[in-house]
Each structure stands twice: as structure tokens, then as C-alpha cells.
Protein chains: 2
Amino acid sequence: MSRRAFHRAPEGERRQDLIEATLDCIVEFGLKGATLRQIAIRAGVTAGLVRHYFDSKDQMVAEAYRAVIASLTEKAEAVKGNPETRLREFIVINLTEPVANSRSLSLWAAFISQVRVDTTLAEIHREGYLSFRNALEGLLEDFLIAKGQTPADGECRRLAIAINGLMDGLWLEGCLAADLFRESELVTIAMTSVEAMLGLPLTQTNNRT
Amino acid sequence: MSRRAFHRAPEGERRQDLIEATLDCIVEFGLKGATLRQIAIRAGVTAGLVRHYFDSKDQMVAEAYRAVIASLTEKAEAVKGNPETRLREFIVINLTEPVANSRSLSLWAAFISQVRVDTTLAEIHREGYLSFRNALEGLLEDFLIAKGQTPADGECRRLAIAINGLMDGLWLEGCLAADLFRESELVTIAMTSVEAMLGLPLTQTNNRT
DNA sequence: GCAGAAATTATTCAAGCGTATAATAACGCG
DNA sequence: CGCGTTATTATACGCTTGAATAATTTCTGC
């Protein structure tokens, strides 16, 4: 009787593989189809191994959610350049691959639908949302100040909410039905709309050709 | 040995009760927690009855999704009045109760996350989305024409996409974190933003005091 | 108020779930 | 090279799931 051959992976790597496999399964089979056995198959291990790396399946799923949030926000929070460029880049990043695609939406929706059920997930969510909106608010403040304006109290907050809403919504549309839009149509719409909301142009600067 | 007492309900009523119970369970326990037994408890019947009214649990869930879509769109599509009032009303309806609340979002997200998994749900979704956006596009066209404009080809489509995106996003924010916004703050933000995007004021008309 | 139809309950079933535990293979270190 | 550690597999367990079927109650029409 011979057992399956295997190799011992470094802890961090295996954990990441398991999380990635979890996300793959959620996308492909939904949250309820993402069983330990399916996840294990996807990760190329056996189901029992999960509990060697995580206290429970639920804990692994929560960490997988953290990974999703991170993948949705990390790029946008790392933009560099002058305020105008950063604001433009922020918009572009959030409305194009890899942030905007149907896989991201599937994952995001799967977890959001659990926020009411699982308080752990609810916390992870709120953290991510606030940090994202604060980043946008900072971007807007920098931009307005750079344009010589002194935004009134609460003005940046109001704009951040509105623009965040607009971008969430366009992101949603882009993820749900990418085929209904021409290439980069959503980015153009977002730029035009944000310009209208700010009452200022977002001229393309610093673009290398 | 005595069995549980019961009464025979009219077909339509019982079906509706079962669908309602299904949605309640999805909100409270998530899609994977919405089991036949839980649903039956909620509906005040026993689990076996479900298959007397539906071919399978999956079919019942699909019909429950149809009901959700209908509840999210029926009010907005019934607005009356002149174009400006209808546009205003459309915005208000979609950003206030009962369309905008955390229950709606939970349900919507639960189903959206399954769109990739279940082709039946995917069809129901696309139908609902397009009919909603078309309604908005018609509203915008009527409004612009009433304002003496002759919108260029594709202009209404572009505006409908952008405004639909904005409203989806604000709806999302309102559902996710209602406590972060003052009463009707989102409606105000939406109005201001739409005015900016259209380049036209949305004066409050026909309001009875 | 009885008979027949059918709505509802009760029970059973196989499959799949997450978890627990024991056996074993791989690797690092002397 | 062999030994101990532990990452990994394998197996078993108790429970829940959706579905199927049988038993029973309710209701309608006469």
C-alpha cells in the first residue's frame, strides 16, 4: 500500500496556496460549493491539511477575504505623482483590470452577502471600506488645494462619498457586463463625471509617449 | 400517534410564503445556511412540502431571485409626472427605503455571487439589469427633450451608464453603511451629482406641502 | 357526511460536510 | 547516514443536506 507522494512546502507559501485555492473555488462554485475537499483538490493537497494551517475552515475563509480586500485596494493606495496625476491614476486603476473584472466582483459579492451573517467578515469589510474612502478623500483634498482651492468643512467628505459611489457603481457595471462597454469607456465616463462633480478639469499630465 | 395539524393554503399564497421564507433565510444565514429545513421552519411547514410546489430547491431559489429583482425595480418603473419629477422620483426611490437597505443588499449580493455559477441566475440578472438601465435612459431622454435639448446619438446611453453607475454605487454605500450618512444625505449627493453630469438643474417641482 | 383528490407530514436514504485522529513520509540536523 | 520532528496523508465519525417515498390529514363536491 503506497501513499501519495508529497513535498513539504514552506509555511507561508502553502498558506497562500490554500487561500488562493479557496478564492478559486468560491468563484467557480460559490461560497457553498467551496468545500474543504474541493479547495484541497485545487491546492493539490488533501483536505485534512487545511486544519494544520488554520484553526478552522471559517478562519481560512476570513483570511481569504482579507486577501481579496487587499488585492482591491493595494494598487490604488500606492499611486505616485502630483495630486492631479494621482487622482487620475486612482480612477483608472479601479476601473480597469485586474481590479475590475468579474472574478473580483464574484468574490466581493460572496463576502458582502455574508457580512450580515458573520461578524468577523463584517469587521474586515468595514476596515477596508473606510480605509479606501479615506484614501480617496485625501486625494481629493490634495487635488483641490493644489488647484488653489480651500475646500469648506465637509466638502471633501461629501465629494469623496459621491465619487466613491460613482466609482463603486461603475466598477460594478464594468464587472457585471464588461461586454456592454467599449474599451476604456467606463474610465472616460468616470473622468468626465468627476470633472463635472469637482467643477475642474482633470487634464492628462505627465504622460510619457 | 398524532401528526401535526395543518391547513391547506391556496397555491399562490403558499408559494409566495415559501419564497419569502427563502429570502428571510438567505438574509439571516446566507445562501449556504438557507436549507430546506430552515426555510420550512420559517414558512411554518415541513421541508418535504417544498418539492410539492417547486421542482427542486434550486428552482425555488431562482424564483426567489426573480422576486428580489422585481422588488428592486417595480417602484422605480412606475413613477408618474413630468420628466423632471419622474427623474427626481427615480433617484429618491432608489436611494431610500425600502429599495435601499441592508437586507436588499444582502440578497442582491448573495445572488450576484452566484451569477457565475448558475446560468439560470445569470439570465435573470441580465434581464433585470438591462430593463432598469433602459428605464433610466428613457427618463433621461424625456428630460433632456423637455428641456429643449436634442441629445446627440449615444449621449443618453452614456449618461444612463454614468448615472446608473453613480446610483448603484450610492445605493451600495447606503446599504452597506447607512449609519455613516445623515438622513437623505445620499439623495442630496445624487441630485447634485446628476445635475452636474447633466449640466442642468433638477428643480423641485410639484411638491405638495 | 361521505368519498375521492391532493396538500401536507413523517420518515428514510445516500451523499457530502467539517472535524478529529492515527499512520506515514519528508526533511533538517547531528 | 540515521534519528527525531512535523508536515502531510488517510481514514473514520457524527451531522446535515436535498431528495424520494409512504402515510395521513384536510378540503371539496355531491
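Below, chain A is the first sequence line, B the second, and so on; all start at residue 1.
Note on A:His52: a side-chain N or O is less than 4.0 Å away from OP1 or OP2 of D:dA7. Between B:Tyr53 and C:dA7 there is no side-chain polar atom (N or O) within less than 4.0 angstrom of OP1 or OP2.
For B:Tyr129, there are no ring-ring contact (aromatic ring centres under 6.0 Å, His included) partners at least two apart in sequence or on another chain.
Listed by first and then second residue, the salt bridge (Lys or Arg N to Asp or Glu O under 4.0 Å) pairs involving residues 69-81 of chain A amount to none (not counting sequence neighbours). For residues 92-106 of chain A, the set of pairs meeting the salt bridge (Lys or Arg N to Asp or Glu O under 4.0 Å) definition, not counting sequence neighbours, comprises A:Glu20-A:Arg103, A:Asp24-A:Arg103. Listed by first and then second residue, the salt bridge (Lys or Arg N to Asp or Glu O under 4.0 Å) pairs involving residues 63-73 of chain A are A:Arg15-A:Glu63 (not counting sequence neighbours). Identified under the ring pair (Phe, Tyr, Trp, His ring centres under 6.0 Å) test for residues 52-82 of chain A, with sequence neighbours left out: A:Tyr65-A:Phe111. For residues 11-50 of chain B, the set of pairs meeting the ring pair (Phe, Tyr, Trp, His ring centres under 6.0 Å) definition, not counting sequence neighbours, is empty. Residue pairs that meet the side chain to side chain donor-acceptor pair (under 3.5 Å) test with at least one member in residues 37-47 of chain A, sequence neighbours left out, are A:Glu28-A:Arg42.
Checked for salt-bridge contact, B:Arg158 and B:Glu155 meet the test: a charged N lies under 4.0 Å from a carboxylate O.
Nucleic acid contact class of A:Val50 (heavy atoms, under 4.0 Å, all strands): none. Counting non-hydrogen atoms under 4.0 angstrom, A:Phe54 reaches nothing in the nucleic acid.
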ask   = When you check every protein heavy atom under 4.0 Å of nucleotides 15-21 of chain C, what one-letter string (B, S, -) results, 5' to 3'?
value = --BBBS-
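Residues from residues 4-20 of chain A lying near DNA chain D, meaning a heavy-atom separation below 4.0 Å, are A:Arg4, A:Phe6, A:His7, A:Arg8, A:Ala9, A:Arg14 in numerical order.
As a whole-Å value, the separation of B:Ile39 CD1 from D:dA19 C1' is 14 Å. Rounded to an integer number of Å, the gap from B:Arg3 CZ to D:dT25 P is 6 Å.
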